[in-house]
> 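Provided herewith is a single structure, encoded as structure tokens, for subsequent inquiry.
None of the values given here were measured: they were computed from a predicted structure.
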Amino acid sequence: MRIAFLCGGLGLGGVADYTRLIADQLASHDCESLIIALADRQASAILKGGAPPVQTLALPEGIGWPRRVAAAEEALAAFAPDWISLQFVPFAFNRKGVVWLEERWLLRLLCGRPLHLMAHELWIEPLPRPVPIRRRILRGAQRHCILRLFRRAAPCILHTSNALYRRLLAEADLSAQLLPLFGNVPIAAQPDRAWLDGAMAQGGIGLARKPLLFGFFGGVDPEWDAYPLLARLSETLGRLGRPGVVLSAGAAGGIAGRMEEWRRRFPTLGFLALGVQPMERLSAYLQALDFGLTSYPYALIAKSSSVISMLEHGLPVIVSWGDLVPDLPAIEPELNQLLLRPGGDIERFLATPPNRSIRGSAVPGIAEAMLRDLDREPRRQKEG
């Protein structure tokens, strides 16, 4: 089978990592892949890379849609894929996530070929507090454009990673199947945390009192209010008589500046932003943490590859908000046991955390599930 993956960019993190990892895994099933980044924000020129079974083509955002689509069409004609797989994130194609003008260009590439669509993100989720009217307007515009694109593209298979998105699509009369995410950090069998201890020492964080280490990994939503969670951590650690340190690793936007504010507000906690780290350090980081932290709402935990990476490493994760749809299963039961849900007993969770057990990567099983769905679709069409 030959699959052409279309995504936004080929930079580090998120959907870029997801696409590369699943394409590499599919190669073990005699699949050839072409990954086309349609709006790469790091490339300054058209870049071809890789070799069969996984080739890449990065098209810079700055050269405009007509040139990018022409180059993508040429590459697709040469590759002759059996399937197009759109790895969809609205912000990858439009800075505000409103794919209005982009729709015509995307449809040129999507129509006329068997299409698989993986909806990694939809429109921005509501927040647990009153929000400015501009955010509500933006959410409405995103929803309108995304649903129109999906309907016009008419994918043979529509996947998404979580039950909430599946419900939102069903409410718009679009039937989606669940395809879970996997973590994007290979698990190190012998992790070396010396670099982390050194970074904390350099950042003025002492380890003599054996502080509990709490950590973010990857992006932190700038709209998320961290103060309720940090207040609960500070108060709970005070009752337990334990020091605590909040760390961050990965591209988390302006989190270093936010940590300066957090440090002034919560002087009993330590804070350190480690920034982007080489992949070989990230597994050691996740294994060194005592608890993971996330800005994601509970209902959307399954769409965060960063949280899934934590859970694959056996790391208990504190979820601070978001029981917007408590009747939906946010994640499979085995992983859910590692989560502290919003409003849960944080003191008990810190004092007696769940047993840690490294689960391992789910990439092989998820790649097989994707292939099974792709293989079944031609048979369904013939039977129909």
> Of all the heavy-atom pairs spanning Ala4 and Phe79, show the shortest one and how long it is.
N-CE2, 4.1 Å
> Do the side chains of Asp82 and Leu374 get nearer than 4.5 Å, heavy atoms only?
no
> Applying the ring pair (Phe, Tyr, Trp, His ring centres under 6.0 Å) test to His120, which of Tyr18, Tyr165, Phe91 qualifies?
Tyr18
> What is the distance from atom CZ of Arg95 to atom CZ of Arg41, rounded to the nearest 0.5 Å?
4.0 Å
> Starting from Leu38, can I reach Ile46 by hopping between I/L/V/M/F/W/Y residues whose side chains sit under 4.5 Å apart?
yes
> Going through the checks in order, is the side-chain contact (heavy atoms from CB on, under 4.5 Å) test met by Arg193 and Met200?
CA-CA 11 Å; Arg193 60 170 286 175; Met200 287 193 288; 3.9 Å; yes
> Before you tell me yes or no, could you show the steps for Met370 and Ile22 under side-chain contact (heavy atoms from CB on, under 4.5 Å), namely the whole-Å CA-CA distance, both residues' side-chain angles and the distance that decides it to 0.1 Å?
CA-CA 9 Å; Met370 177 181 167; Ile22 205 161; 3.8 Å; yes
> Distance check, rounded to the nearest 0.5 Å: Ile137 atom CD1 versus Arg134 atom CZ?
10.0 Å
> Would you kindly confirm whether Ile358 and Leu338 end up in one hydrophobic cluster when ILVMFWY residues are joined by side chain heavy atoms under 4.5 Å apart?
no
> Identify whether Leu147 and Phe93 are in the same connected component of the hydrophobic contact network (ILVMFWY, side-chain heavy atoms under 4.5 Å).
yes
> Taking atom CD of Gln177 and atom CG of Asp373, what is their separation to the nearest 0.5 Å?
4.5 Å
> For residues Leu371 and Met1, report the shortest heavy-atom separation together with the two atoms involved.
CD2-SD, 4.0 Å
> Evaluate the criterion side-chain contact (heavy atoms from CB on, under 4.5 Å) for residue pair Met279 and Leu282; output intermediate values, then yes/no.
CA-CA 5 Å; Met279 186 62 73; Leu282 292 176; 4.0 Å; yes
> Any side-chain to backbone donor/acceptor pair from Gln142 onto Lys96? Under 3.5 Å, distance only.
yes
> Looking at every non-hydrogen atom in both residues, tell me the closest pair between Pro53 and Ala27 and how far apart they are.
CG-CB, 3.5 Å
> For Asp221, is there any backbone N or O sitting under 3.5 Å from a side-chain donor or acceptor partner on Ser295?
yes
> Verify, without hydrogens or angle tests, whether Arg68 (side chain) and Leu59 (backbone) share a donor-acceptor contact under 3.5 angstrom.
no
> Taking the side chain from Ser305 and the backbone from Gly183, do they hold a donor-acceptor pair closer than 3.5 Å?
no
> Is the CD atom of Gln202 crowded by more than 12 outside heavy atoms at less than 6.0 Å?
no
> Does NZ or CZ of Arg258 come closer than 6.0 Å to the centre of the six-membered ring of Trp224, within 45° of the ring's axis?
no
> Please test Val54 against Leu34 for side-chain contact (heavy atoms from CB on, under 4.5 Å), starting from the C-alpha separation and ending with a verdict.
CA-CA 6 Å; Val54 180; Leu34 170 65; over 6 Å; no
> Just how far is it from atom CH2 of Trp123 to atom CZ of Arg139, taken to the nearest 0.5 Å?
7.5 Å
> Measuring from Ile124:CD1 to Arg136:CZ, what's the distance to the nearest 0.5 Å?
11.0 Å
> Any side-chain heavy atom of Ser309 within less than 4.5 Å of one from Leu286?
yes
> Quick check on Glu74: does its CD atom have over 12 non-hydrogen neighbours (other residues, nucleotides or ligands) under 6.0 Å away?
no
> Can you tell me how far CD1 of Ile308 sits from CD1 of Ile301, rounded to the nearest 0.5 angstrom?
8.0 Å
> Mind listing the closest non-hydrogen atom pair of Leu289 and Phe214 along with its distance?
CD2-C, 4.0 Å
> Within a reach of under 6.0 Å around CZ of Arg263, are more than 12 heavy atoms found that belong to other residues, nucleotides or ligands?
yes
> Quick one about His313 and Ser283 (side-chain donor to acceptor, distance below 3.5 Å, no hydrogens or angles considered), yes or no?
yes
> Evaluate the side-chain proximity of Tyr298 to Ser320: yes if any heavy-atom separation is below 4.5 Å, no if none is.
no
> Classify the angle between the aromatic ring planes of Phe150 and Phe88 as parallel (below 30°), tilted (30 to 60°) or perpendicular (above 60°).
perpendicular
> Considering all heavy atoms of both residues, which atom of Ala75 and which atom of Leu57 are nearest to each other, and what is their separation?
CB-CD2, 3.7 Å
> Hey, mind stepping through Asp24 and Arg20 against salt bridge (charged side-chain N to carboxylate O under 4.0 Å, His left out) and telling me if it holds?
CA-CA 6 Å; Asp24 287 341; Arg20 278 192 294 261; over 6 Å; no
> Ignoring hydrogens and geometry, is there a side-chain-to-backbone donor-acceptor pair from Arg356 to Gly314 under 3.5 Å?
yes
> Could you tell me whether a side-chain N or O of Asp40 sits under 3.5 Å from a main-chain N or O of Leu10, the two making a donor and an acceptor?
yes
> Between Leu181, Leu311, Val307, Leu300, which is the residue that forms a side chain to side chain contact (heavy atoms under 4.5 Å, CB included) with Ile331?
Leu311
> Would Met118 and Leu178 show up in the same hydrophobic cluster when neighbours are defined by side-chain heavy atoms closer than 4.5 Å?
no
> Is it true that Glu332 and Arg359 make a salt bridge, defined as a side-chain N closer than 4.0 Å to a carboxylate O?
yes
> Same cluster or not: Trp262 versus Leu293, using hydrophobic residues (I, L, V, M, F, W, Y) connected whenever any side-chain heavy atoms lie under 4.5 Å apart?
yes
> Determine whether a donor-acceptor pair (N or O, by modelled atom type, separation under 3.5 Å) exists between the side chain of Asn162 and the backbone of Lys303.
no
> Identify the heavy atoms of Ala284 and Asp192 that sit nearest to each other, and give their distance.
CB-O, 3.5 Å
> If only atom types and distance count, is the side chain of Arg242 paired as donor or acceptor with the main-chain N or O of Lys210 below 3.5 Å?
yes
> For residues Leu110 and Leu86, determine if any side-chain heavy atom of one lies less than 4.5 Å from a side-chain heavy atom of the other.
yes
> Are Phe271 and Phe266 close enough that their ring centers fall under 6.0 Å?
no
